[in-house]
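One structure is given here, and the rest of the page talks about it.
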Amino acid sequence: MAQESPYSVPIDTTNSSKQYMPTGVRFGVDLLGPALYLFDTRNLSYEITVDTDLSNFGMMVEAGHQEFAETNDNVEYSMKGNFLRVGPEVNFLATDRHLNSFTFGLRYAWSSFSETVVGEVIEDNWGAVPVSFDIENNKSQWVEMTTGVRVRLWEGIFTGYIFRFRFLRSGTVPDVPFEPYYVPGYGLGARPSTWGFRYYVLYRIQWAKKPVKVKKKN
Amino acid sequence: MIDKFWSKVFIILTMAVIVSCGDIPTCLDTETSLVKVNFVDVDGKPKNITLLSLDAIGENDGFLQYSDSTLNKLNLPLNPGAYTTTFILEQASGTDTLGLTYDVVAKLISPECGLDASFDKLKVDYTTYSKINILQTAIHEDVIVNIEITL
């Protein structure tokens, strides 16, 4: 007989039909973005997450804001924008009674941002050509594969990280001859793929015990 | 068992961090503004011309490297500050013009490296040459010929 916990109940014949009903919602905040800002004041990002459980699957919604700015002798550049990611996850620790998770997930992501750039294009024969753009309503979309771990620390408090691989970026650019440099939530726009890592603290509000599969003992 | 699991996670994370760290921008400039022009005869063989001077409208000094030179290939530098560049080729036999239009997009290589321009969708706007072919509309360093002019 499997042990019960405050957070889960073993799946049996009486409740198996309820295993795909969400039993709670978890809210998270990224700690890494604000922490990195202490070391690199060019790049500021905030991110929050909301997820819910559907048996050993889950649905994630992540939203964030990012700013990047640098001024030097070559260029004055700044970017500011928001991003949103939505997608499912599968939990490989479906038998864990404390709802710890090791997940693989997919996301579809959108971002909307503005860029300002002032500088010069240097051409050997034509010399320095001034460039100045103030671009609003830049939009991008991309796909992500994620993997992550979330561990219950105490009661409803979790901590964990997500590694993400972003690819297939596309976007609409306003009628301005400037290629997006930094895409919020994605990174450098010229890259066909980028990596990301975020460290979260999360709080789960539970309205029912989660039915978990019972690990068979030999 | 759990040790094996976490050691695999650690290895995957370490590899990903190494890949990410290797993704540092460089100032390598892979763009070019040069349109590559070949002069050929009616048989398609290279044909030399003697160029007294090469100028472009809007460029005051001219392209001195081509003054008084005999050649059958020419690299014409497009103006990154405009969508049209008109070149004036002065020869002993007369003066020819070649007006080119194109798309130009500025891009930031990195804040440390500065801005660059990339060119594409090359077209001949007007010319005094009687036979001219665009072989490649993209403008890259690895393009061999963009325009072939038959004399």
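This is a predicted model, so every value here is computed, not measured.
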Segment of A:Phe133 engaging chain B (4.5 angstrom heavy-atom cut-off):
side chain
Would you say A:His65's side chain and A:Gly81's backbone share a donor-acceptor pair under 3.5 angstrom?
yes
Does any N or O in the side chain of A:Thr71 come within less than 3.5 Å of the main-chain N or O of A:Glu76, such that one atom is a donor and the other an acceptor?
no
Look at A:Asn125, A:Val129, A:Asp124 and state which one has the largest set of heavy-atom pairs under 4.5 Å with chain B.
A:Asn125
Is A:Phe92 in contact with chain B via its backbone, its side chain, both, or neither, using a 4.5 Å heavy-atom distance?
neither
Out of B:Ser33, B:Pro111, B:Gly81, return the one with the most heavy atom pairs under 4.5 angstrom to chain A.
B:Pro111
Side chain from CB out, backbone as N, CA, C, O: work out which of these in A:Asn72 comes under 4.5 Å of a heavy atom of chain B, or both, or neither.
side chain
Determine whether a donor-acceptor pair (N or O, by modelled atom type, separation under 3.5 Å) exists between the side chain of A:Trp142 and the backbone of A:Tyr186.
no
Please classify the contact of A:Val121 with chain B as side chain, backbone, both or neither, using a heavy-atom distance under 4.5 Å.
both
Checking heavy atoms, do the side chain of A:Phe178, its backbone, both or neither come under 4.5 Å from chain B?
both
Distance in Å, B:Thr84 OG1 paired with B:Tyr126 OH, rounded so as to fall on 0.5 Å steps
8.0 Å
Identify which part of B:Thr85 has an atom lying under 4.5 Å from any heavy atom of chain A, answering side chain, backbone, both or neither.
side chain
Contact class of A:Glu120 relative to chain B, heavy atoms under 4.5 angstrom:
backbone
Any donor-acceptor pair under 3.5 Å linking the side chain of A:Arg166 with the backbone of A:Ala109?
no
Kindly compute the distance separating OH (A:Tyr200) from CG (A:Leu31), expressed to the nearest 0.5 Å.
10.0 Å
Is there a donor-acceptor contact under 3.5 Å from the side chain of A:Asn91 to the main chain of A:Leu93?
yes
